[in-house]
Amino acid sequence: MSRTRRQFLSSLVGAVAASTCGSLALASCVQPSGRRAPRVVIAGGGYGGATCAKYLRFFDAGLNVTLIEPTRWYATCPFSNAVLSGLVDESYTRLGYAGLAKLGVRVIHDAVRVIHPEKRTVMLSGGAMLSYDRLVVSPGVSFRWNHVFSGYDEHATLSMPHAWNGGPQVTLLKKQLVAMADGGTFAIVVPALPFRCPPGPYERASLIAHYFKSAKPRSKILILDANEHFSKQDLFEEAWDTLYPGRITRIPISAGGLVNSIDSRRMSIHAEAGKFKVAAASVIPFQQAGRLAVSHALADETGWCPVDHQTFESTRVPGVHVLGDSCLAGAMPKSASSANSQAKVCSLAIAALLRDREPGAMIYHNTCYSLAAPDYGISITDMYRYEDKRLRVVQRAGGLSPLGAPLEYRAKEAVYARDWFTAINADSFDA
Amino acid sequence: MSECCYQGNLASYVCGALVLLSLVICLPVRASENLDEPYLQLLAASCRICHSDGVTRLETPSLQDLTAADIKRLLSAFKADSEPATIMNRIASALSDEEIDQLAAMIGR
(Lines give C-alpha, C1' and ligand atoms only; values in the text may rest on other atoms or scores of the structure.)
Protein backbone atom coordinates (compact mmCIF):
# COMPACT_ATOMS: atom_id res chain seq x y z
CA MET A 1 0.00 0.00 0.00
CA SER A 2 1.24 3.40 -0.82
CA ARG A 3 1.14 6.49 1.25
CA THR A 4 -2.08 6.92 3.10
CA ARG A 5 -3.17 9.65 5.40
CA ARG A 6 -3.30 7.15 8.25
CA GLN A 7 0.37 6.32 7.86
CA PHE A 8 1.18 9.90 7.22
CA LEU A 9 -0.45 11.16 10.38
CA SER A 10 1.20 8.54 12.53
CA SER A 11 4.54 9.54 11.03
CA LEU A 12 3.76 13.17 11.70
CA VAL A 13 3.09 12.57 15.36
CA GLY A 14 6.53 11.06 15.62
CA ALA A 15 8.00 13.93 13.70
CA VAL A 16 6.50 16.65 15.84
CA ALA A 17 9.15 16.92 18.51
CA ALA A 18 12.24 16.16 16.56
CA SER A 19 11.18 17.38 13.12
CA THR A 20 12.85 14.29 11.79
CA CYS A 21 11.74 12.87 8.52
CA GLY A 22 8.55 10.84 8.57
CA SER A 23 8.80 8.08 6.01
CA LEU A 24 5.98 9.66 4.09
CA ALA A 25 7.00 13.27 3.87
CA LEU A 26 7.36 14.23 0.26
CA ALA A 27 10.38 16.43 0.61
CA SER A 28 13.57 15.55 2.34
CA CYS A 29 13.07 16.62 5.91
CA VAL A 30 16.67 16.27 6.91
CA GLN A 31 17.94 19.73 7.54
CA PRO A 32 21.29 20.48 5.94
CA SER A 33 23.69 20.75 8.84
CA GLY A 34 23.46 24.06 10.59
CA ARG A 35 20.35 25.10 8.70
CA ARG A 36 17.21 25.83 10.66
CA ALA A 37 13.85 24.48 9.56
CA PRO A 38 12.09 26.84 7.13
CA ARG A 39 9.43 28.90 8.89
CA VAL A 40 5.91 29.51 7.63
CA VAL A 41 3.59 31.84 9.50
CA ILE A 42 -0.14 31.75 8.74
CA ALA A 43 -2.39 34.66 9.66
CA GLY A 44 -6.01 33.55 10.07
CA GLY A 45 -7.42 30.22 11.21
CA GLY A 46 -10.50 29.73 9.06
CA TYR A 47 -10.83 26.92 6.52
CA GLY A 48 -7.98 28.35 4.40
CA GLY A 49 -5.49 28.98 7.18
CA ALA A 50 -6.23 25.81 9.13
CA THR A 51 -5.99 23.58 6.05
CA CYS A 52 -2.78 25.29 4.99
CA ALA A 53 -1.20 24.73 8.42
CA LYS A 54 -2.13 21.08 8.39
CA TYR A 55 -1.06 20.34 4.83
CA LEU A 56 2.26 22.18 5.14
CA ARG A 57 3.07 19.62 7.83
CA PHE A 58 1.58 16.92 5.61
CA PHE A 59 3.70 17.75 2.58
CA ASP A 60 6.87 18.48 4.55
CA ALA A 61 7.06 17.44 8.19
CA GLY A 62 10.32 19.36 8.50
CA LEU A 63 8.65 22.76 8.24
CA ASN A 64 8.16 24.99 11.24
CA VAL A 65 4.51 26.08 10.98
CA THR A 66 2.86 28.75 13.16
CA LEU A 67 -0.82 29.63 12.94
CA ILE A 68 -1.94 32.99 14.33
CA GLU A 69 -5.66 33.18 15.12
CA PRO A 70 -7.24 35.48 17.72
CA THR A 71 -10.19 33.26 18.63
CA ARG A 72 -9.97 29.92 20.39
CA TRP A 73 -13.11 28.68 18.65
CA TYR A 74 -13.77 29.16 14.97
CA ALA A 75 -17.46 29.72 14.12
CA THR A 76 -18.14 28.21 10.71
CA CYS A 77 -20.25 29.88 8.05
CA PRO A 78 -21.25 26.51 6.57
CA PHE A 79 -24.32 25.30 8.47
CA SER A 80 -24.91 28.70 10.10
CA ASN A 81 -28.22 28.83 8.22
CA ALA A 82 -29.09 25.49 9.81
CA VAL A 83 -28.41 27.09 13.21
CA LEU A 84 -30.71 30.01 12.33
CA SER A 85 -33.56 27.69 11.48
CA GLY A 86 -33.05 25.50 14.54
CA LEU A 87 -31.92 22.37 12.68
CA VAL A 88 -28.63 22.18 14.57
CA ASP A 89 -27.25 23.73 17.72
CA GLU A 90 -24.72 26.55 17.51
CA SER A 91 -22.07 24.24 19.04
CA TYR A 92 -22.28 22.16 15.83
CA THR A 93 -20.57 25.04 14.00
CA ARG A 94 -17.77 25.62 16.52
CA LEU A 95 -14.30 24.23 15.86
CA GLY A 96 -11.14 24.32 17.96
CA TYR A 97 -7.45 24.11 17.18
CA ALA A 98 -6.32 21.22 19.40
CA GLY A 99 -6.16 18.86 16.41
CA LEU A 100 -3.74 21.11 14.54
CA ALA A 101 -1.56 21.53 17.64
CA LYS A 102 -1.32 17.73 17.87
CA LEU A 103 0.01 17.65 14.30
CA GLY A 104 2.89 19.93 15.30
CA VAL A 105 1.39 23.26 14.29
CA ARG A 106 2.26 26.00 16.78
CA VAL A 107 -1.04 27.80 17.41
CA ILE A 108 -0.86 31.32 18.86
CA HIS A 109 -4.11 33.01 19.84
CA ASP A 110 -3.30 36.56 18.88
CA ALA A 111 -3.73 38.74 15.79
CA VAL A 112 -1.17 39.83 13.21
CA ARG A 113 -1.09 43.62 13.48
CA VAL A 114 1.73 44.57 11.13
CA ILE A 115 3.47 42.76 8.28
CA HIS A 116 7.02 43.84 7.37
CA PRO A 117 7.50 42.09 4.02
CA GLU A 118 10.98 43.53 3.46
CA LYS A 119 12.22 42.12 6.80
CA ARG A 120 9.99 39.04 6.55
CA THR A 121 8.57 39.58 10.02
CA VAL A 122 5.13 40.06 11.51
CA MET A 123 4.23 41.88 14.70
CA LEU A 124 1.36 40.56 16.77
CA SER A 125 -1.13 42.66 18.70
CA GLY A 126 0.39 41.31 21.91
CA GLY A 127 3.76 42.76 20.88
CA ALA A 128 5.58 39.58 19.85
CA MET A 129 7.62 39.66 16.63
CA LEU A 130 7.86 36.53 14.44
CA SER A 131 10.16 35.90 11.47
CA TYR A 132 9.02 33.96 8.44
CA ASP A 133 10.39 32.56 5.22
CA ARG A 134 6.88 32.47 3.77
CA LEU A 135 3.77 34.21 5.12
CA VAL A 136 0.24 33.03 4.37
CA VAL A 137 -2.59 35.52 4.84
CA SER A 138 -6.04 33.96 5.05
CA PRO A 139 -8.25 36.60 6.70
CA GLY A 140 -11.65 35.87 5.11
CA VAL A 141 -13.69 38.90 4.14
CA SER A 142 -14.23 42.32 5.68
CA PHE A 143 -17.45 44.30 5.45
CA ARG A 144 -17.82 47.65 3.69
CA TRP A 145 -20.02 49.63 6.10
CA ASN A 146 -22.25 52.29 4.55
CA HIS A 147 -21.17 51.17 1.07
CA VAL A 148 -24.25 51.33 -1.21
CA PHE A 149 -26.45 50.41 1.80
CA SER A 150 -26.32 53.84 3.43
CA GLY A 151 -26.97 53.67 7.18
CA TYR A 152 -25.78 50.09 7.54
CA ASP A 153 -22.80 50.14 9.87
CA GLU A 154 -21.53 47.99 12.73
CA HIS A 155 -24.10 49.46 15.11
CA ALA A 156 -26.94 48.59 12.72
CA THR A 157 -25.87 44.93 12.81
CA LEU A 158 -27.40 44.72 16.29
CA SER A 159 -30.90 45.38 14.89
CA MET A 160 -30.42 43.79 11.48
CA PRO A 161 -27.62 41.24 11.81
CA HIS A 162 -25.65 40.24 8.75
CA ALA A 163 -24.91 36.89 10.43
CA TRP A 164 -22.35 36.35 7.67
CA ASN A 165 -19.37 35.24 9.71
CA GLY A 166 -20.91 32.79 12.14
CA GLY A 167 -20.84 33.17 15.93
CA PRO A 168 -22.68 35.88 17.92
CA GLN A 169 -24.33 37.48 14.88
CA VAL A 170 -25.97 34.15 14.01
CA THR A 171 -27.16 33.68 17.60
CA LEU A 172 -28.57 37.22 17.61
CA LEU A 173 -30.46 36.80 14.33
CA LYS A 174 -31.86 33.50 15.53
CA LYS A 175 -33.23 35.18 18.69
CA GLN A 176 -34.85 37.89 16.57
CA LEU A 177 -36.46 35.33 14.29
CA VAL A 178 -37.87 33.44 17.26
CA ALA A 179 -39.13 36.69 18.85
CA MET A 180 -40.82 38.14 15.75
CA ALA A 181 -44.60 38.03 15.54
CA ASP A 182 -46.31 35.60 13.20
CA GLY A 183 -47.33 37.48 10.06
CA GLY A 184 -44.27 39.75 9.94
CA THR A 185 -41.88 39.89 7.01
CA PHE A 186 -38.27 38.79 7.25
CA ALA A 187 -36.01 40.49 4.70
CA ILE A 188 -32.66 39.37 3.33
CA VAL A 189 -30.63 42.11 1.67
CA VAL A 190 -28.07 40.73 -0.79
CA PRO A 191 -24.99 42.70 -1.94
CA ALA A 192 -23.56 42.57 -5.46
CA LEU A 193 -21.17 39.71 -6.18
CA PRO A 194 -18.46 38.81 -5.34
CA PHE A 195 -19.20 37.90 -1.74
CA ARG A 196 -18.54 34.96 0.57
CA CYS A 197 -20.77 31.95 -0.12
CA PRO A 198 -22.73 32.94 -3.26
CA PRO A 199 -25.67 30.53 -2.61
CA GLY A 200 -25.79 31.43 1.11
CA PRO A 201 -28.53 34.10 1.00
CA TYR A 202 -30.86 31.75 -0.87
CA GLU A 203 -30.17 28.83 1.44
CA ARG A 204 -30.96 31.25 4.30
CA ALA A 205 -34.29 32.12 2.68
CA SER A 206 -35.07 28.42 2.21
CA LEU A 207 -34.26 27.26 5.72
CA ILE A 208 -36.02 30.18 7.38
CA ALA A 209 -39.04 29.47 5.17
CA HIS A 210 -38.87 25.94 6.55
CA TYR A 211 -38.86 27.33 10.09
CA PHE A 212 -41.75 29.71 9.33
CA LYS A 213 -43.82 26.89 7.84
CA SER A 214 -44.35 25.44 11.30
CA ALA A 215 -43.46 28.29 13.73
CA LYS A 216 -44.78 31.43 11.94
CA PRO A 217 -47.15 30.13 9.27
CA ARG A 218 -48.32 33.62 8.20
CA SER A 219 -44.82 35.11 7.87
CA LYS A 220 -43.16 35.79 4.54
CA ILE A 221 -39.64 36.25 3.27
CA LEU A 222 -38.50 39.08 1.03
CA ILE A 223 -35.14 38.99 -0.79
CA LEU A 224 -33.88 42.36 -2.02
CA ASP A 225 -31.09 41.48 -4.42
CA ALA A 226 -28.37 43.64 -5.96
CA ASN A 227 -27.88 40.88 -8.57
CA GLU A 228 -29.97 39.66 -11.49
CA HIS A 229 -29.08 35.99 -11.27
CA PHE A 230 -27.78 33.82 -8.45
CA SER A 231 -25.99 30.59 -7.69
CA LYS A 232 -28.06 27.40 -8.11
CA GLN A 233 -30.98 29.68 -9.11
CA ASP A 234 -33.08 27.16 -11.01
CA LEU A 235 -32.63 24.56 -8.28
CA PHE A 236 -33.56 26.96 -5.49
CA GLU A 237 -36.58 28.25 -7.38
CA GLU A 238 -37.72 24.69 -8.04
CA ALA A 239 -37.36 23.95 -4.33
CA TRP A 240 -39.29 27.10 -3.34
CA ASP A 241 -42.14 26.22 -5.69
CA THR A 242 -42.27 22.69 -4.31
CA LEU A 243 -41.74 23.36 -0.61
CA TYR A 244 -42.75 26.95 0.10
CA PRO A 245 -45.20 28.18 -2.57
CA GLY A 246 -46.01 31.87 -2.12
CA ARG A 247 -43.75 32.35 0.90
CA ILE A 248 -40.55 33.71 -0.69
CA THR A 249 -40.51 36.81 -2.92
CA ARG A 250 -37.28 37.86 -4.59
CA ILE A 251 -36.81 41.26 -6.23
CA PRO A 252 -33.78 41.17 -8.57
CA ILE A 253 -31.86 44.32 -9.45
CA SER A 254 -33.80 44.80 -12.70
CA ALA A 255 -37.05 45.02 -10.71
CA GLY A 256 -35.69 47.46 -8.12
CA GLY A 257 -33.99 45.04 -5.72
CA LEU A 258 -31.03 47.33 -5.10
CA VAL A 259 -31.18 48.75 -1.57
CA ASN A 260 -30.06 52.39 -1.11
CA SER A 261 -30.50 52.93 2.58
CA ILE A 262 -31.31 51.17 5.80
CA ASP A 263 -33.01 52.62 8.87
CA SER A 264 -32.25 49.95 11.44
CA ARG A 265 -34.00 51.86 14.27
CA ARG A 266 -37.33 51.85 12.40
CA MET A 267 -36.67 48.46 10.79
CA SER A 268 -37.15 50.04 7.42
CA ILE A 269 -35.37 49.29 4.15
CA HIS A 270 -35.37 51.64 1.17
CA ALA A 271 -34.86 49.91 -2.16
CA GLU A 272 -35.36 51.16 -5.69
CA ALA A 273 -38.63 49.20 -5.72
CA GLY A 274 -39.92 51.05 -2.65
CA LYS A 275 -39.80 51.24 1.12
CA PHE A 276 -40.26 48.05 3.11
CA LYS A 277 -41.10 47.85 6.82
CA VAL A 278 -39.93 44.48 8.17
CA ALA A 279 -40.23 42.50 11.39
CA ALA A 280 -36.68 41.10 11.12
CA ALA A 281 -33.88 41.40 8.62
CA SER A 282 -30.49 40.08 7.68
CA VAL A 283 -28.52 42.70 5.78
CA ILE A 284 -25.45 41.21 4.13
CA PRO A 285 -23.03 44.07 3.45
CA PHE A 286 -20.84 44.55 0.40
CA GLN A 287 -17.54 42.79 0.98
CA GLN A 288 -13.83 42.98 0.26
CA ALA A 289 -10.70 41.11 1.32
CA GLY A 290 -10.02 40.73 5.04
CA ARG A 291 -8.76 43.78 6.91
CA LEU A 292 -5.16 42.54 7.22
CA ALA A 293 -4.95 42.07 3.45
CA VAL A 294 -6.49 45.45 2.65
CA SER A 295 -4.33 47.36 5.16
CA HIS A 296 -1.13 45.84 3.75
CA ALA A 297 -1.80 46.61 0.07
CA LEU A 298 -2.34 42.96 -0.80
CA ALA A 299 -5.71 43.96 -2.29
CA ASP A 300 -5.95 45.89 -5.55
CA GLU A 301 -8.54 48.46 -6.62
CA THR A 302 -11.23 45.75 -6.73
CA GLY A 303 -10.82 45.21 -2.99
CA TRP A 304 -9.58 41.63 -3.53
CA CYS A 305 -6.06 40.17 -3.70
CA PRO A 306 -4.49 39.15 -7.01
CA VAL A 307 -2.33 36.03 -6.68
CA ASP A 308 -0.31 33.63 -8.79
CA HIS A 309 -2.71 30.70 -9.18
CA GLN A 310 0.01 28.07 -8.97
CA THR A 311 1.37 29.22 -5.60
CA PHE A 312 -1.19 31.73 -4.28
CA GLU A 313 1.73 34.12 -3.78
CA SER A 314 0.61 37.72 -3.96
CA THR A 315 1.46 39.45 -7.23
CA ARG A 316 1.85 42.65 -5.20
CA VAL A 317 3.91 41.60 -2.17
CA PRO A 318 6.59 38.91 -2.65
CA GLY A 319 6.86 36.17 -0.03
CA VAL A 320 3.24 36.63 1.06
CA HIS A 321 0.56 34.17 -0.06
CA VAL A 322 -3.15 34.98 0.10
CA LEU A 323 -5.79 32.26 0.35
CA GLY A 324 -9.51 31.72 0.50
CA ASP A 325 -12.21 34.40 0.34
CA SER A 326 -9.68 37.27 0.15
CA CYS A 327 -7.95 36.17 -3.05
CA LEU A 328 -8.90 36.43 -6.71
CA ALA A 329 -8.98 32.80 -7.78
CA GLY A 330 -10.50 32.97 -11.25
CA ALA A 331 -13.80 31.11 -11.48
CA MET A 332 -13.53 29.50 -8.03
CA PRO A 333 -16.36 30.74 -5.79
CA LYS A 334 -15.64 32.08 -2.30
CA SER A 335 -16.48 28.95 -0.34
CA ALA A 336 -15.04 26.83 2.48
CA SER A 337 -14.34 24.09 -0.03
CA SER A 338 -12.45 26.46 -2.36
CA ALA A 339 -10.39 27.76 0.59
CA ASN A 340 -9.59 24.19 1.64
CA SER A 341 -8.50 23.29 -1.89
CA GLN A 342 -6.50 26.47 -2.46
CA ALA A 343 -4.73 25.87 0.86
CA LYS A 344 -3.64 22.42 -0.29
CA VAL A 345 -2.26 23.84 -3.54
CA CYS A 346 -0.57 26.70 -1.68
CA SER A 347 1.01 24.41 0.92
CA LEU A 348 2.33 22.06 -1.79
CA ALA A 349 3.80 25.06 -3.64
CA ILE A 350 5.35 26.52 -0.47
CA ALA A 351 6.83 23.13 0.46
CA ALA A 352 8.50 23.05 -2.97
CA LEU A 353 9.68 26.67 -2.93
CA LEU A 354 11.23 26.32 0.54
CA ARG A 355 13.28 23.34 -0.71
CA ASP A 356 14.37 25.18 -3.87
CA ARG A 357 12.14 23.13 -6.15
CA GLU A 358 9.77 24.43 -8.82
CA PRO A 359 6.09 23.91 -8.03
CA GLY A 360 4.51 21.52 -10.54
CA ALA A 361 1.06 20.74 -11.89
CA MET A 362 -1.91 21.73 -9.71
CA ILE A 363 -5.53 20.59 -9.43
CA TYR A 364 -8.28 22.35 -7.46
CA HIS A 365 -11.74 21.35 -6.37
CA ASN A 366 -14.90 22.97 -5.08
CA THR A 367 -17.94 21.15 -3.78
CA CYS A 368 -20.73 23.18 -2.25
CA TYR A 369 -23.99 21.83 -0.87
CA SER A 370 -27.02 23.90 0.09
CA LEU A 371 -30.05 22.77 2.05
CA ALA A 372 -33.47 23.94 0.89
CA ALA A 373 -34.99 21.91 3.75
CA PRO A 374 -33.58 19.41 6.27
CA ASP A 375 -34.14 16.59 3.79
CA TYR A 376 -33.68 18.53 0.56
CA GLY A 377 -30.10 19.12 -0.59
CA ILE A 378 -28.66 20.54 -3.83
CA SER A 379 -25.05 20.81 -4.92
CA ILE A 380 -22.55 22.32 -7.28
CA THR A 381 -19.09 20.95 -7.90
CA ASP A 382 -16.21 21.83 -10.18
CA MET A 383 -12.61 20.79 -10.78
CA TYR A 384 -9.97 23.24 -11.97
CA ARG A 385 -6.46 22.85 -13.38
CA TYR A 386 -3.50 25.17 -13.62
CA GLU A 387 -3.06 25.73 -17.37
CA ASP A 388 -1.35 28.57 -19.26
CA LYS A 389 -0.51 30.29 -15.99
CA ARG A 390 -4.13 30.41 -14.85
CA LEU A 391 -6.56 28.37 -12.87
CA ARG A 392 -9.16 27.10 -15.33
CA VAL A 393 -12.33 25.11 -14.85
CA VAL A 394 -12.27 21.59 -16.33
CA GLN A 395 -14.80 21.49 -19.16
CA ARG A 396 -17.39 18.71 -19.57
CA ALA A 397 -17.22 17.95 -15.86
CA GLY A 398 -18.65 19.36 -12.66
CA GLY A 399 -21.91 21.28 -12.57
CA LEU A 400 -25.16 21.29 -10.67
CA SER A 401 -27.57 18.72 -9.32
CA PRO A 402 -30.15 17.88 -11.99
CA LEU A 403 -33.39 19.83 -12.18
CA GLY A 404 -36.56 17.81 -11.68
CA ALA A 405 -34.83 15.06 -9.71
CA PRO A 406 -37.04 12.95 -7.42
CA LEU A 407 -37.26 13.84 -3.73
CA GLU A 408 -35.21 10.73 -2.84
CA TYR A 409 -32.30 12.27 -4.77
CA ARG A 410 -32.68 15.55 -2.85
CA ALA A 411 -32.84 13.63 0.42
CA LYS A 412 -29.64 11.79 -0.45
CA GLU A 413 -27.85 15.07 -1.17
CA ALA A 414 -29.08 16.44 2.17
CA VAL A 415 -27.36 13.52 3.89
CA TYR A 416 -24.22 14.11 1.84
CA ALA A 417 -24.34 17.80 2.80
CA ARG A 418 -24.08 16.84 6.47
CA ASP A 419 -21.34 14.35 5.68
CA TRP A 420 -19.48 17.02 3.72
CA PHE A 421 -19.55 19.27 6.79
CA THR A 422 -18.22 16.52 9.06
CA ALA A 423 -15.53 15.58 6.56
CA ILE A 424 -14.26 19.06 5.67
CA ASN A 425 -14.00 19.97 9.35
CA ALA A 426 -11.90 16.87 9.98
CA ASP A 427 -9.84 17.54 6.87
CA SER A 428 -9.22 21.22 7.63
CA PHE A 429 -9.01 21.36 11.42
CA ASP A 430 -8.46 17.72 12.31
CA ALA A 431 -11.59 18.36 14.42
CA MET B 1 5.00 6.21 -44.37
CA SER B 2 2.94 6.76 -47.47
CA GLU B 3 0.89 4.12 -49.22
CA CYS B 4 2.89 4.42 -52.44
CA CYS B 5 5.91 2.62 -50.90
CA TYR B 6 4.08 -0.68 -51.30
CA GLN B 7 2.58 -0.22 -54.75
CA GLY B 8 3.65 -2.91 -57.22
CA ASN B 9 6.33 -4.31 -55.00
CA LEU B 10 5.35 -7.25 -52.87
CA ALA B 11 8.85 -7.64 -51.44
CA SER B 12 9.01 -4.14 -50.11
CA TYR B 13 5.43 -4.50 -48.84
CA VAL B 14 6.33 -7.61 -46.86
CA CYS B 15 9.51 -5.97 -45.72
CA GLY B 16 7.64 -2.89 -44.59
CA ALA B 17 5.09 -5.01 -42.78
CA LEU B 18 7.84 -6.92 -41.00
CA VAL B 19 9.49 -3.70 -39.95
CA LEU B 20 6.18 -2.48 -38.58
CA LEU B 21 5.54 -5.78 -36.80
CA SER B 22 8.98 -5.77 -35.26
CA LEU B 23 8.36 -2.26 -34.05
CA VAL B 24 5.11 -3.33 -32.43
CA ILE B 25 6.77 -6.32 -30.79
CA CYS B 26 9.94 -4.57 -29.70
CA LEU B 27 8.45 -1.37 -28.36
CA PRO B 28 7.06 -1.76 -24.89
CA VAL B 29 3.34 -1.17 -24.58
CA ARG B 30 3.22 2.52 -23.90
CA ALA B 31 3.00 2.78 -20.17
CA SER B 32 0.52 5.29 -18.87
CA GLU B 33 2.24 8.52 -18.10
CA ASN B 34 3.62 8.58 -14.59
CA LEU B 35 2.24 11.52 -12.71
CA ASP B 36 4.40 13.33 -10.18
CA GLU B 37 4.08 12.05 -6.65
CA PRO B 38 3.34 15.51 -5.18
CA TYR B 39 0.58 16.00 -7.77
CA LEU B 40 -0.94 12.64 -6.89
CA GLN B 41 -0.82 13.54 -3.19
CA LEU B 42 -2.64 16.77 -4.03
CA LEU B 43 -5.23 14.88 -6.05
CA ALA B 44 -5.71 12.42 -3.18
CA ALA B 45 -6.04 15.35 -0.78
CA SER B 46 -8.94 16.67 -2.91
CA CYS B 47 -10.91 13.52 -2.06
CA ARG B 48 -10.64 14.26 1.66
CA ILE B 49 -12.94 17.27 1.50
CA CYS B 50 -15.76 14.69 1.55
CA HIS B 51 -13.94 11.46 2.42
CA SER B 52 -11.59 12.37 5.28
CA ASP B 53 -10.60 9.46 7.49
CA GLY B 54 -11.24 9.01 11.18
CA VAL B 55 -14.69 10.59 11.41
CA THR B 56 -18.09 8.98 11.34
CA ARG B 57 -20.34 10.01 8.51
CA LEU B 58 -23.89 9.02 7.73
CA GLU B 59 -23.41 7.56 4.24
CA THR B 60 -20.29 8.87 2.49
CA PRO B 61 -17.95 5.89 2.32
CA SER B 62 -14.52 5.84 3.86
CA LEU B 63 -11.78 5.30 1.30
CA GLN B 64 -9.86 3.20 3.83
CA ASP B 65 -12.37 0.41 3.27
CA LEU B 66 -11.81 0.25 -0.48
CA THR B 67 -9.12 -1.58 -2.41
CA ALA B 68 -7.22 0.03 -5.26
CA ALA B 69 -9.23 -2.14 -7.66
CA ASP B 70 -12.52 -0.97 -6.09
CA ILE B 71 -11.53 2.67 -6.39
CA LYS B 72 -10.42 2.28 -9.98
CA ARG B 73 -13.59 0.42 -10.94
CA LEU B 74 -15.84 2.95 -9.20
CA LEU B 75 -14.12 6.06 -10.52
CA SER B 76 -14.11 4.65 -14.06
CA ALA B 77 -17.80 3.77 -13.77
CA PHE B 78 -18.65 7.21 -12.37
CA LYS B 79 -16.74 8.78 -15.24
CA ALA B 80 -18.64 6.66 -17.77
CA ASP B 81 -21.89 7.49 -15.93
CA SER B 82 -22.60 3.76 -15.61
CA GLU B 83 -22.68 3.79 -11.78
CA PRO B 84 -25.49 5.66 -10.04
CA ALA B 85 -24.24 8.75 -8.21
CA THR B 86 -25.24 12.22 -7.13
CA ILE B 87 -21.96 14.08 -7.34
CA MET B 88 -19.18 11.58 -8.07
CA ASN B 89 -20.03 11.32 -11.77
CA ARG B 90 -19.61 15.08 -12.07
CA ILE B 91 -16.21 14.90 -10.31
CA ALA B 92 -14.80 11.77 -11.98
CA SER B 93 -15.56 13.21 -15.43
CA ALA B 94 -12.74 15.68 -14.81
CA LEU B 95 -10.12 12.96 -14.32
CA SER B 96 -7.99 11.28 -17.00
CA ASP B 97 -7.67 7.49 -17.07
CA GLU B 98 -4.04 7.86 -15.91
CA GLU B 99 -5.17 9.92 -12.95
CA ILE B 100 -7.80 7.34 -12.02
CA ASP B 101 -5.28 4.46 -12.25
CA GLN B 102 -2.56 6.11 -10.25
CA LEU B 103 -4.82 7.75 -7.69
CA ALA B 104 -6.47 4.39 -7.01
CA ALA B 105 -3.08 2.74 -6.59
CA MET B 106 -2.04 5.43 -4.14
CA ILE B 107 -5.08 5.57 -1.88
CA GLY B 108 -6.52 2.06 -2.19
CA ARG B 109 -6.22 -0.47 0.61
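Proteins come first, then strands; the chains are lettered A, B, ... in the order of their sequence lines, and each starts at number 1.
Only the backbone of A431(A) comes within contact range of chain B, with at least one heavy atom under 4.5 Å from a heavy atom of that chain. In this structure, no portion of Y47(A) lies under 4.5 Å from any heavy atom of chain B. Looking at L95(B), the atoms closer than 4.5 Å to chain A (heavy atoms on both sides) sit in the backbone and in the side chain alike.
Proximity of L348(A) to Q41(B): side-chain heavy atoms (C-beta onward) are nowhere separated by under 4.5 Å. With a 4.5 Å cut-off on side-chain heavy atoms, I91(B) and T367(A) count as touching.
Taking Y364(A) as the reference, nothing meets the ring pair (Phe, Tyr, Trp, His ring centres under 6.0 Å) condition, with sequence neighbours excluded.
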Please output the side-chain donor-acceptor pairs of residues 396-404 of chain A that fall under 3.5 Å, not counting sequence neighbours, one pair per line with the distance.
from: S401(A); atom 1: OG; to: S379(A); atom 2: N; distance (Å): 2.7
from: S401(A); atom 1: OG; to: S379(A); atom 2: O; distance (Å): 3.3
from: S401(A); atom 1: OG; to: S379(A); atom 2: OG; distance (Å): 3.1
from: S401(A); atom 1: OG; to: E413(A); atom 2: OE1; distance (Å): 2.5

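The distance from the CG atom of D427(A) to the CD1 atom of I49(B) is 6.5 Å, given to the nearest 0.5 Å. In this structure, CG in L43(B) is found 10.5 Å from NZ in K344(A), a value given to the nearest 0.5 Å. Rounded to the nearest 0.5 Å, atoms OG (S52(B)) and CZ (F429(A)) are 13.0 Å apart. How far CE of M362(A) is from CG of L42(B): 6.5 Å, rounded to the nearest 0.5 Å.
Inspection of non-hydrogen atoms places A85(B), T86(B), I87(B) of residues 70-88 of chain B under 4.5 Å from chain A. Using a 4.5 Å cut-off between non-hydrogen atoms, no part of residues 91-100 of chain A approaches chain B.
The minimum heavy-atom distance linking T56(B) with T422(A) is given by the pair O-CG2, 3.7 Å. Across every non-hydrogen atom of A45(B) and Y55(A), the tightest pair is CB-CE2, 3.7 Å.
When the shell of 6.0 Å around CD of E59(B) is examined, it contains more than 12 heavy atoms from other residues, nucleotides or ligands.
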